[in-house]
Each structure stands twice: as structure tokens, then as C-alpha cells.
Number of protein chains: 2
Amino acid sequence: MPTPRSRRERPAKPALTREGIVDTAVALMEEEGLRRVTMRRLAQALDTGPASLYVYVANTGELHAAILDRLLGRADLGVGDAAVPWRTRLDAVLAGYEEILFANPALAQSALVARPSGPHYLGLLDTLLALLGEGGVPALQAAWGVDILLQSSTAAAAEHSARGEDADAARDWDRLRRAVAEAAPDTHPRVRAQAAELLSGTPAERRRWRVEVLLNGILVTHPGAA
Amino acid sequence: MPTPRSRRERPAKPALTREGIVDTAVALMEEEGLRRVTMRRLAQALDTGPASLYVYVANTGELHAAILDRLLGRADLGVGDAAVPWRTRLDAVLAGYEEILFANPALAQSALVARPSGPHYLGLLDTLLALLGEGGVPALQAAWGVDILLQSSTAAAAEHSARGEDADAARDWDRLRRAVAEAAPDTHPRVRAQAAELLSGTPAERRRWRVEVLLNGILVTHPGAA
DNA sequence: ACCTGAACACCGTTCAAGT
DNA sequence: ACCTGAACACCGTTCAAGT
């Protein structure tokens, strides 16, 4: 089926839509990483100029948010099997969310500043509210709790995943580890004394503890009490 | 005192040092914001070419970390007056840390990925360890707790301060608020039902609750228990 | 009315070549 | 040995001018 009235012999250039743009962005990201998903490269992949994208996407941040929402849609982060304890399921949902962000640290950085507002992100909120509700967390604590749970996971992903991918970030992290290990006893006595504890634990152990801390804190902390 | 053998009549160009570079960077940031503190502009302010900076600073991330460490040094985030309850003092230290980052959201974003490792950041770790110790938090919980406290404050600053400064980020946040407020009862029933709670609370109330949640969680959660 | 070429105003980082 | 000019390889966003 030849394109009618096409001026070039190139393959049919599909009409631009927001959906199409985001799909192409996700594909590009999976091939080359988010850092390479720039407005210019994305336009190139869509066989148009960068200016054209601004008809459908307000800016880079909004594009990133749209990408994340699309990825969340794929992941199916539902409430899970009621036979499994709610804490375990909630942990799994957060782990699924983090997994997406770990695969693309730059996306986590973006998500922290420009929160997605798409249907799948709302779905994630809904799932977390359901699980906290099931755990007997009062409505207000649950609502505020969802916020800090997601913030914590997003931050952990932004921080942690950079370690593996970005060589510069890895060096910065190593610098901190060494600074802690070699802290002077006279100026930083507690850091020195607790250096082993500060540097201990696998990422998985730290993660598990972090989620437990948040859930326990959310459960026992009544807003307005302080 | 004329510069000896100077080829130009310009004011004496001070020799480049890491200290001098970071000082100039802080000054430039306070005048124009971190976004404008680029390697090129910083070099210009130091009357040299961008390449020269790379003799003293490995990359932009390291520069940002050095800036933050310098700002922490100014802030004097000590353990405070022993007459005041430790929780109150710990809250104040975190507030001081957040205040620095709130004034420059981009710095918070950087700090999440490239943690500073300078003496003043170590000082902050030391202070937090001291306060948690004073509160009777066991050593391992304190060490891991410092990590999530700082991560949470950094993330909050990165997220929140963007709302005020960046017009784009503010719009994204508004989009999320509206999406929550208008959530469809059939697809996102809990978001709909708890929309009021999700959107409630002042930033200060949310912040206070967040710190309480973390402290309570850190106090009651034993690593390895889960 | 819709789309976009071309321009504006920048970036970080490297390295060969200078002093 | 130390420093840096100039280049490489890019950016996001806007808007006047086209169809």
C-alpha cells in the first residue's frame, strides 16, 4: 500500500501522536538508555524535526514521566494474591517499581522532580493504598505513607542504580566509602567508631530493612501527634 | 602591586586551586542558581578555559558534591544543646540540611546520585550518629538509619523545591494533584476515596510526620528480623 | 490550522599542541 | 610538567515562515 501523494520514496511516515512518540521513546530507551533519548534523537527516530515533538509533549520532564507511566503499565503491579501476607505483597509491589527504575536510573531522577500523573501511576497509588488499608493502616496515614514509600523507592533507585551504570557516580560512592573507613577519630569519632556498621549490609538487606522501617513507622505514627 | 611579566593589563588572575574553584562556584550559584554553574561559565568567571578546571575537578557531579560540602561547612549542623530532647535536635539538623538543598533543588538531585564525601558531610554523619546514639538507637540501626534519614531529606528537597522554582515541575505536580482529585471511581477506587487525604497537609506537616515515621521506624526495626 | 527548518543559546569533555 | 585553545559531539526550546 503506497503512501498517497508522498513526495519521497521513504517508508510511510506514520502521523505523529503522543502515543507514538512515547512508544518510540521507550524503544529508543531500551536500545540506548534514557540518556540518549533526547528530543533531537527522538525526533530523528520519528523522521521529523525536534520542534514537532513540542506539539505533543511540553518538555523533556513530561516525556520522561510519560515513559515511566508506560513502563508501569507493562509491569502489572497489582495487589496480588490475598493468601500472601500484605507486607510481603507490598514489598513486592515496591520491588517491581524499583526494578523499573533500577534499569534506568535517569528515569528515577526525573520521577523525583516531575512525578508522573498517568493512569498507571494512579494505579500504583491505588494498589499501595489497598495494601496499606488491608494492613489496617488508618486512611490518613496510608495516604501520606504512600507518598514516602514511593519517594523512598524512587530515591533508592536514583541513588543506587547510578553506582552500577555510571562510572563517575561509582567513583563518588567509593570516595565516600573510603572517607568513612578512614575517618579521623578526633574530628569524626562516631563515624570512625561505627565505620563497619555504616558500610555493612548488602543492598538487598538494606532495602528490606528500609521498607520495614517505613512500614513500621507508618503504622505507629499518628499525624498530628508530634 | 603589578603582576610581574603579565602580558595583559587585567587584574591579577589568581592561580587556580580546587578551593578557589569551589569558592567561585558557590558565589556563582548564589548569584545565578546552580543551573547556571556550568563548567564553561565557571571557567569564564575564573578567566580561563573549561579544560583547565578538569585538572582540579573530575566532572560536574564532583563539583556539585564539593559545593554542597562547602555549604554544609557554613551551616554548622552540630549536635546542639543537650537540654533539648534529642528528637527535636535531630529534626533541626535535618531541617538545616534540607534548607540548604531547598535553596538549590538541582544540588539535591546531584547529591542523590553523587554523594559528597568531604569533611563537612562526614561531620553531618557524625552528628546524626551522635543524636541517634543519644536516643538509644543500637549501633547498626543508627548507622543504617542515618542513610535513610539523609536519603529521605535529600529526596524531599529535590522533589519539593522543584515545585517552587521550576515552572515545568510545578505544572507536573499540579497535573498529579488534579489526576488524583479526578480519579475515576471504577478504575482507581481507593485513590478516589482517599483523594482528600492524599492531597492534605501542609509541606511542614508532611515533613514533621515523615521524620517521625523514620525515627519511629528506625527505633523499632531490628535489622535481620524480617 | 497545523507543522517545522533553522536558529538561538548554550552544554560536558577531550586532547593535541603549546609554554 | 603543566596548562589550555580549539574542537568534537552534542543539547532544549522557540518562532517565523511555510504548506
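As a basis for the values below, the full set of heavy atoms in this structure was taken, side chains included, without hydrogen atoms, waters or symmetry mates. Proteins get letters first, then strands, A, B, ... in listed order; numbering begins at 1 in each.
- Distance, L63(B) CG to dG12(C) C1': 12 Å, rounded to whole Å.
- If you take atom C1' in dC3(D) and the same atom in dC15(C), they sit 12 Å apart, rounded to whole Å.
- Side-chain nitrogen and oxygen atoms of R41(A) include none within less than 4.0 Å of the OP1 or OP2 phosphate oxygen of dC10(D).
- L28(B) places its CG atom 10 Å from the P atom of dC11(C), with the value rounded to the nearest Å.
- Under the Watson-Crick or G-U wobble criterion, with both distances below 3.5 Å, dT19(D) is paired with dA1(C).
- Rounded to an integer number of Å, the gap from OH of Y54(B) to P of dC15(C) is 13 Å.
- Along DNA chain C, the nucleotide nearest A51(A) and the nucleotide nearest S52(B) are compared for position; the residue whose nucleotide lies closer to the 5' end is A51(A).
- dA6(D) and dC10(D) are spaced 16 Å apart, taking the C1' atom of each and rounding to whole Å.
- Distance check, rounded to the nearest 0.5 Å: CG of L199(B) to CZ of R177(B) gives 5.0 Å.
- The phosphate of dT13(C) (OP1 or OP2) has no side-chain N or O of R40(B) nearer than 4.0 angstrom.
- Nucleotide dC10(D) holds its P atom 11 Å from the CZ atom of R35(A), rounded to whole Å.
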Compile the donor-acceptor pairs under 3.5 Å between side chains in residues 184-192 of chain A and protein atoms, sequence neighbours left out, one pair per line.
residue	atom	partner	partner atom	Å
H188(A)	NE2	P119(B)	O	3.1
R190(A)	NH1	D126(B)	OD2	3.4
R192(A)	NH1	A183(A)	O	2.8

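- Annotation for E99(B): atom CD does not count as buried by contact number, only 12 or fewer foreign heavy atoms lying within 6.0 Å.
- Regarding L16(B), its CG atom lies at a distance of 12 Å from the C1' atom of dC2(D), rounded to whole Å.
- No more than 12 heavy atoms of other residues, nucleotides or ligands shown are found within 6.0 angstrom of CZ on R178(A).
- The CG-C1' distance, from N59(A) to dT14(D), rounds to 14 Å in whole Å.
- Protein atom CE of M39(A) is 14 Å distant from nucleotide atom C1' of dT4(C), rounded to whole Å.
- Distance noted for atom C1' between dA16(D) and dC2(C): 14 Å (whole Å).
- Pair assignment for dA6(D) gives dT14(C), based on Watson-Crick or G-U wobble hydrogen-bonding distances that are each under 3.5 Å.
- Phosphate contact (OP1/OP2 of dC3(C), side-chain N/O of T48(A), threshold under 4.0 Å): absent.
- Taking side-chain N and O atoms only, T60(B) has a distance below 4.0 Å to OP1 or OP2 of dT13(C).
- Place G61(A) and R36(A) on DNA chain D by their nearest nucleotides, and R36(A) ends up nearer the 5' end.
- What separates CD of E32(A) from P of dC10(D) is a distance of 11 Å, to the nearest Å.
- Here dC3(C) is the nucleotide among dC3(C), dT14(C), dT13(D) with the atom lying nearest to any side-chain atom of V55(A).
- Salt-bridge annotation for E98(A) and R210(A): present, with a side-chain N of the basic residue lying under 4.0 Å from a carboxylate O of the acidic one.
- The phosphate of dC3(C) has OP1 or OP2 within less than 4.0 Å of a side-chain N or O from Y56(A).
- Taking the charged nitrogens against the carboxylate oxygens, D91(B) and R208(B) have no contact shorter than 4.0 Å, which rules out a salt bridge.
- Taking the side chain of P50(B) as heavy atoms from C-beta on, and the options dT13(C), dC11(C), dG12(D), the nearest nucleotide is dT13(C).
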